[in-house]
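Everything numeric in this text was worked out from a predicted model, so none of it was measured. Quick note: residue numbers are just sequence positions, from 1.
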Amino acid sequence: IALLTCAVANGQYLLVTDPGAGTVGRYSSSGAPVNVSLISGLNIPLGIVESGGYIYVANNGNGTIGKYNLDGTIVNAAFITGLNAPAGLAISGSYLYIANSGAGKISKFDISGTLINNSFIVGLTNPQGLTISGTNIFIADQGTGAIGQFSLTDGSTINGSLRISGSLNNPRGIALN
């Protein structure tokens with residue numbers, strides 16, 4: 001059984017990372033496979049986000065973010081490089097936020113791939129999942145078992161250890177509903 005780590009809804013489809021197979025697959029909203037290898041040849045893909053007609057994928061194994069068209073064709077497989085085990089991704093406006101899990105921090109880039117702040121949020125243990133609501137970014141920190149709430153304006157801590165029914169055991173993904 002493949003370990004599927006992250007999914008993002010793209011209109012009527014789900015885009016799902018499969019780290020073991022090194023792919024991103026497209027599935028119907030009922031779970032039926034449409035194209036299980038929409039994007040292939042990835043190195044432990046973990047995080048995924050879709051915005052502005054592009055799919056961004058965190059390649060944990062080689063420290064890169066790839067950028068792809070919605071049909072899976074490559075725009076730039078090494079769109080952002082030099083990361084340390086990237087995991088979660090989130091986009092707000094014209095900014096891409098990356099959980100640099102190996103470095104314990106969140107990096108901020110503009111949507112063209114230009115680094116804005118390599119250490120936008122620091123002091124994390126093993127950040128994995130990211131989600132954004134308004135002017136806040138929420139981070140699932142697998143290392144501490146906490147969910148942190150931070151400001152999108154300056155990265156400052158609002159609540160660094162939100163707990164959900166006590167301690168969590170290795171939280172990876174997070175989404176707002």
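- Side-chain heavy atoms closer than 4.5 Å link hydrophobic residues (I, L, V, M, F, W, Y) into clusters, and following such links, possibly through other members, connects Val75 to Ile98.
- In this structure, Thr64 contributes its side chain and Gly66 its backbone to no donor-acceptor pair below 3.5 Å.
- A distance of 9.0 Å separates CG in Asn159 from OG1 in Thr157, rounded to the nearest 0.5 Å.
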| said: Applying side chain to side chain contact (heavy atoms under 4.5 Å, CB included) to Phe150 and Leu124, what does each step give before you reach the verdict? | reply: CA-CA 12 Å; Phe150 301 84; Leu124 304 168; 4.0 Å; yes

| Criterion side chain to side chain contact (heavy atoms under 4.5 Å, CB included) on Ile48 and Leu89, from CA distance to verdict | CA-CA 6 Å; Ile48 186 170; Leu89 301 175; 5.6 Å; no

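- A pairwise comparison of heavy atoms in Ser28 and Leu14 identifies O-CD1, 4.1 Å as the closest pair.
- For Asn76 against Ala78, the heavy-atom pair with the smallest separation is OD1-N, 2.9 Å.
- In this structure, Leu130 is not a member of the same hydrophobic cluster as Ile80, with clusters built from ILVMFWY side-chain heavy atoms closer than 4.5 Å.
- With hydrogens and angles ignored, the 3.5 Å screen pairs a side-chain donor or acceptor of Asp71 with a backbone N or O of Thr73.
- Val57 and Pro45 get closest at one heavy-atom pair: CG1-CB, 3.7 Å.
- Applying the side-chain contact (heavy atoms from CB on, under 4.5 Å) test between Ile91 and each of Tyr97, Tyr54, Tyr56 identifies Tyr56 as the sole match.
- With hydrophobic clusters built from ILVMFWY side chains whose heavy atoms lie under 4.5 angstrom apart, Phe120 shares a cluster with Ile132.
- With a 4.5 Å cut-off on side-chain heavy atoms, Asp141 and Asn126 count as touching.
- The line from CG of Asn59 to CG of Asn43 is 6.5 Å long, rounded to the nearest 0.5 Å.
- From Thr125, atom OG1 reaches atom NZ of Lys105 across 14.5 Å, with rounding to the nearest 0.5 Å.
- Rounding to the nearest 0.5 angstrom, the gap separating the CD1 atom in Ile147 from the CD1 atom in Ile139 is 9.5 Å.
- With contacts defined as side-chain heavy-atom distances shorter than 4.5 Å, the pair Val16/Asp18 does not qualify.
- Within the 3.5 Å criterion, the main-chain N or O of Gly113 finds a donor-acceptor partner in the side chain of Asp110.
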| said: side chain to side chain contact (heavy atoms under 4.5 Å, CB included) for Tyr27 and Val34? Distances and angles first, verdict last. | reply: CA-CA 5 Å; Tyr27 299 83; Val34 175; 5.6 Å; no

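- Residues Leu15 and Ile39 form no side-chain contact, since every pair of their non-hydrogen atoms from C-beta on lies 4.5 Å or further apart.
- The two residues Gly104 and Pro127 have their closest heavy-atom pair at CA-CD, 3.7 Å.
- Residues Ile74 and Tyr68 have side chains in contact (heavy-atom distance under 4.5 Å, counting atoms from C-beta outward).
- Taking every heavy atom of both residues into account, Ser101 and Asn60 meet most closely at OG-ND2, 3.9 Å.
- Follow the hydrophobic side-chain contacts under 4.5 Å out from Leu115 and you reach Ile111 in the same cluster.
- Counting only heavy atoms from C-beta outward, the side chains of Thr23 and Leu38 never approach each other to under 4.5 Å.
- Partner Lys108 forms a side-chain contact (heavy atoms from CB on, under 4.5 Å) with one of Ile137, Asn118, Ile121, Ile116 and no other, that one being Ile116.
- Residues Gln128 and Ala87 come closest through the heavy atom pair OE1-CB, 3.6 Å.
- Two residues are said to be in side-chain contact when any heavy atoms from C-beta on lie closer than 4.5 Å; Ile65 and Pro86 meet this criterion.
- You'll find the side chain of Val24 reaches within 4.5 Å of the side chain of Leu42, heavy atoms only.
- Interatomic distance, CZ of Arg26 versus CD1 of Ile55, reported as 6.0 Å (0.5 Å rounding).
- In the hydrophobic clustering of this structure, Leu152 does not group with Phe138; members are Ile, Leu, Val, Met, Phe, Trp, Tyr whose side-chain heavy atoms approach within less than 4.5 Å, directly or through other members.
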